[in-house]
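What follows is a set of notes on a single structure, which appears directly below.
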Amino acid sequence: YLHIGNARSALFNWLYARHTGGVFIVRIDDTDRGRSTREYEEDVLAGLRWLGLDWDEGVEVGGPHGTYRQSDRLERYQQVVAELVASRRAYPCFCTPEELAERREEAQRQGRPPGYDGRCRLLEPETAAARAAAGEPASVRLAVPRPGETTFDDVVRGEMRFGHEVLDDFVILRSDGSPTYHLASTVDDVDYRITHVARGEDLLSSTPRHILLTEAMGEPSPIYAHLPLLFGPDGRKLSKRHGDTALRAYIEGGYLADAMFNYLGLLGWSYDAETTIFSRRQAVERFELADVSKNPAVFDVDKLQWMNGEYVRAAAVDQFAAAARPFLERGLGRALEEGEWDRFRSIAPLVQERVKLLQEVPGMVGFLYREEVDYDEASWKKVMKPDLAPQVLEEARARLSAVEPWDHRGIEETLRAMLADLGIGAGKGLQPIRVAVTGTSVSPPLFETLEALGRQRTLARLVAAAGRL
RNA sequence: GGCCCCGUCGUCCAGCGGCCUAGGACGCCGGCCUUUCAAGCCGGUAACGCGGGUUCGAAUCCCGUCGGGGCUGCCA
């Protein structure tokens, strides 16, 4: 599925490609069969589309390099490996996973580095070929040049240096013939003519392997940029325990794509010293991988929510209403009828400035669509004072029945006159009506609310509430 | 353990030797506005991990230290 951290990486890649006029490619890394289902793939693509990260080449849109799906390229990976073995840059390894695990543990115990000891590298090629021909299962490992050192200039981190002592001869082809991530992704990078690789910092220490592999293939390496990791509020790598790490959860929670785009863009990058809210256009204009921060960032849902509220309020009313509709219908458990939709649209502007997430919409206007008012007891107790409430409700009912036409101006005029006549303040006098009609002491502005509710329901609810006192 | 990365308000970001008595944003606190709740406006809280250098001058450069994180698989 599309993890928030991967979404952020994709976003930075997209921004960089758009900023430089480059090509943004989406390929499917599905070498791990357990985790790679079509369902996951669809979730990832849907997430990218939702965020507005369109790609120029890759899965679904096509391009000069086939299907852009690793599972369709097995022969290519195997061919590369065969060439590497032929040129002695890689070799078959007959050690079984059990043996390796055992040796790893042993090494750990003795405080030695746990990496592969390279014993099969010593096998004569003829011996190895014979054993393989006899059907003995073998993986293939890259023969890391030793002694040696791999250096590269990371766009965000600067000069990186790794001595080969710390790199073991890693597996590039599993004994079942499938490629490992290292192999598949570097072969793809080469074949797809990738110029820039921007990915999470967790892959920083894998980069020398990728460079070594690329060199073994006799090709130039792409430029690497390792992005800071995203953390949860506890300062650990963002994971399930921090709540939602799936982009999907935010889509369904009522976040707006533009807000998510903006927020993600702020995790490790900034438009300038002062600007927090910026458009895609602006981001594309200024984005530079070299400006990306090195520090890990904590994913702050509070700030995301605030930002979403900003985007909700900045949206055109019609756009907001349309976006909110599915959330409203889901909350209600049914589709909205024509008249109900109109009623919603009439108070949508008032709802718009009161929600941060579209998810909150049903809770805010549900009273419009339910026959029975669902009274919140706390609100009731706080507002329905026995000395005042009965009088206010009855008086309001009587006066409102005569309002003509039924609109918020007339309603306001009438109720204000009532308050003046009764000699009570707006706070005290209007709250009982609000609770009577919506069930809670928190709602959109009262006069508009009554207008949207309609005279019939308003009067009926005033009576019902009075009867409940 | 080994290798690597990182260290400015609680959080995100600005700062790339003097413009910093460290700036913006979220959060938090207070006020204004007000028919509730929001929104809006105004104000406040709060940070250069620590210790040495270098320099006329350091948040900015160097070293050390401490702290956090990543990797260390026939996972990606």
Side-chain angles (χ1 to χ4, degrees), chain A residues 29-32 34-36 93 95-97 100-101 104 107-116 137-141 154 156-158 160-163 165-168 170-176 178-182 184-185 199-208 226 228-229 231 233 235-237 263 266-277 293-307 309-310 313 350-356 360 364 379 382-383 412 415-416 419 425-431 433-435 438 440-447 449:
Chain A
D29 282 22
D30 53 357
T31 52
D32 178 1
R35 275 188 282 190
S36 310
C93 169
C95 302
T96 66
L100 293 170
R104 189 161 33 241
Q108 298 265 33
R109 264 199 302 278
Q110 298 182 8
R112 286 184 291 117
Y116 180 62
S139 61
V140 177
R141 293 176 181 273
D154 189 283
V156 342
R157 273 149 225 284
M160 290 296 122
R161 261 193 145 70
F162 292 86
E165 324 75 70
V166 304
L167 286 179
D168 64 354
F170 57 100
V171 172
I172 57 177
L173 196 70
R174 302 188 187 105
S175 53
D176 66 0
S178 66
T180 60
Y181 161 76
H182 297 304
S185 80
R199 51 164 39 165
E201 195 203 320
D202 51 344
L203 288 165
L204 185 59
S205 32
S206 293
T207 302
H226 287 92
L229 257 18
F231 286 153
R236 305 187 70 82
K237 205 175 169 182
Y263 180 68
L266 246 21
L267 261 24
W269 184 74
S270 64
Y271 181 78
D272 62 24
E274 323 277 88
T275 311
T276 304
I277 304 283
S293 141
K294 300 189 228 288
N295 315 342
V298 172
F299 185 78
D300 180 2
V301 185
D302 282 344
K303 188 162 181 174
L304 206 212
Q305 258 183 43
W306 162 79
M307 185 167 283
E310 292 289 306
R313 272 173 266 121
L350 302 173
V351 176
Q352 190 172 4
E353 29 180 278
R354 288 174 168 70
V355 299
K356 286 191 165 84
E360 300 162 28
M364 199 145 289
S379 296
K382 191 172 58 183
V383 166
E412 171 158 16
L415 290 179
R416 293 230 184 258
L419 293 176
K428 271 194 153 18
L430 263 24
Q431 281 300 79
I433 301 175
R434 186 189 308 280
V435 171
T438 69
T440 118
S441 57
V442 176
S443 84
L446 189 61
F447 312 125
T449 294

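Keep in mind that the numbers below use all heavy atoms, side chains included, and drop hydrogens, waters and symmetry copies. Treat the numbers as computed from the prediction; the structure is a model and nothing was measured. Here is the naming used below: chain letters follow the sequence lines, and residue numbers restart at 1 for every chain.
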- Query: From A76(B), U36(B), A25(B), pick the nucleotide closest to the side chain of H182(A)?
  - Reply: A76(B)
- Query: Which whole-number value in Å describes the distance from Q305(A) CD to C26(B) C1'?
  - Reply: 11 Å
- Select base, sugar-phosphate, or nothing to describe what H226(A) touches, counting heavy atoms under 4.0 Å on all strands. nothing
- Task: Sort out the partner of G43(B) for me: Watson-Crick or G-U wobble, both distances under 3.5 Å, none otherwise.
- Result: C29(B)
- Query: Between A76(B), A39(B), U35(B), which one does the side chain of R416(A) approach most closely?
  - Reply: U35(B)
- Item | side chain to side chain contact (heavy atoms under 4.5 Å, CB included) evaluation trace for L267(A) with F231(A) | CA-CA 10 Å; L267(A) 261 24; F231(A) 286 153; over 6 Å; no
- Using the P atom in both, what is the distance from A47(B) to G23(B), to the nearest Å? 11 Å
- Rounded to whole Å, the CG-P distance (L415(A) to U36(B)) equals 15 Å
- Message: Working note: V171(A) + Y116(A), criterion side chain to side chain contact (heavy atoms under 4.5 Å, CB included); need CA distance, chi angles, decisive distance, verdict.
- Response: CA-CA 9 Å; V171(A) 172; Y116(A) 180 62; over 6 Å; no
- Task: Could you tell me whether E274(A) contacts a base, only the sugar-phosphate backbone, or nothing, with contacts defined as non-hydrogen atoms closer than 4.0 Å?
- Result: sugar-phosphate
- Query: If we call it a pair only when both distances are under 3.5 Å in a Watson-Crick or G-U wobble match, what pairs with U55(B)?
  - Reply: none
- Task: Name the pairing partner of C37(B), where a pair is Watson-Crick or G-U wobble with both distances under 3.5 Å, or state none.
- Result: none
- Message: Would you measure the distance from the C1' atom in G70(B) across to the matching atom in C32(B) and give it in whole Å?
- Response: 49 Å
- Query: Should T31(A) be listed as having a side-chain N or O under 4.0 Å from OP1 or OP2 of A76(B)?
  - Reply: yes
- Query: What's the verdict on side chain to side chain contact (heavy atoms under 4.5 Å, CB included) for V383(A) and R434(A), showing C-alpha distance, side-chain angles and the deciding distance?
  - Reply: CA-CA 9 Å; V383(A) 166; R434(A) 186 189 308 280; over 6 Å; no
- Side-chain heavy atoms of H226(A) within contact of T207(A), under 4.5 Å: yes
- When you compare G24(B) with A14(B), how far apart are their C1' atoms, in angstrom units rounded to a whole number? 7 Å
- Message: Between P on U34(B) and CD on Q431(A), what's the gap in Å once rounded to a whole number?
- Response: 16 Å
- Could you tell me the separation between the CD atom of E360(A) and the P atom of A39(B), rounded to a whole number of Å? 11 Å
- Which comes earlier along RNA chain B counting from the 5' end, the contact point of S206(A) or that of P444(A), where each point is its nearest nucleotide? P444(A)
- Item | Distance, rounded to the nearest Å, where E353(A) contributes CD and U35(B) contributes P | 15 Å
- Message: If you assign W306(A) and R141(A) each to the RNA chain B nucleotide with the nearest heavy atom, which residue ends up on the more 5' nucleotide?
- Response: W306(A)
- Message: Rounding to an integer number of angstrom, what distance separates U60(B) and U8(B) when you compare their P atoms?
- Response: 12 Å
- At under 4.0 Å between heavy atoms, what does I433(A) touch on the DNA or RNA strands: base, sugar-phosphate, or nothing? nothing
- Note on the structure: Across every strand shown, the nucleotide meeting Watson-Crick or G-U wobble geometry with G7(B) (both distances under 3.5 Å) is C66(B)
- Message: OP1 or OP2 of G40(B) versus the side-chain N and O atoms of R313(A): is any pair under 4.0 Å?
- Response: yes
- Message: Strictly below 4.0 Å: does R199(A) bring a side-chain N or O up to OP1 or OP2 of C71(B)?
- Response: no
- Among the nucleotides U36(B), C74(B), A38(B), which one has an atom lying closest to any side-chain atom of L100(A)? C74(B)
- Query: Where the side chain of D29(A) is concerned, which of U36(B), A76(B), U35(B) is the nearest nucleotide?
  - Reply: A76(B)
- Message: Which nucleotide, if any, forms a Watson-Crick or G-U wobble pair with G23(B), using both distances under 3.5 Å?
- Response: C13(B)
- Query: Which part of the nucleic acid does E310(A) contact within heavy-atom distance under 4.0 Å: base, sugar-phosphate only, or nothing?
  - Reply: sugar-phosphate
- Message: Without decimals, in angstroms, what is the distance between R434(A) CZ and U35(B) C1'?
- Response: 6 Å
- Across the strands shown, which category fits C95(A) at heavy-atom distances under 4.0 angstrom: base, sugar-phosphate, nothing? base
- With both distances under 3.5 angstrom, what nucleotide forms a Watson-Crick or G-U wobble pair with G2(B)? C71(B)
- Message: Of the options C37(B), A76(B), A25(B), whose atoms approach the side-chain atoms of V442(A) most closely?
- Response: C37(B)
- How does protein contact run along nucleotides 1-16 of chain B, one letter per nucleotide 5' to 3', with B for base contact, S for sugar-phosphate only, - for none, heavy atoms under 4.0 Å? B-SSSSSS--SBSS--
- Task: Please report, rounded to the nearest Å, how far the C1' atom of C74(B) is from the CZ atom of R174(A).
- Result: 6 Å
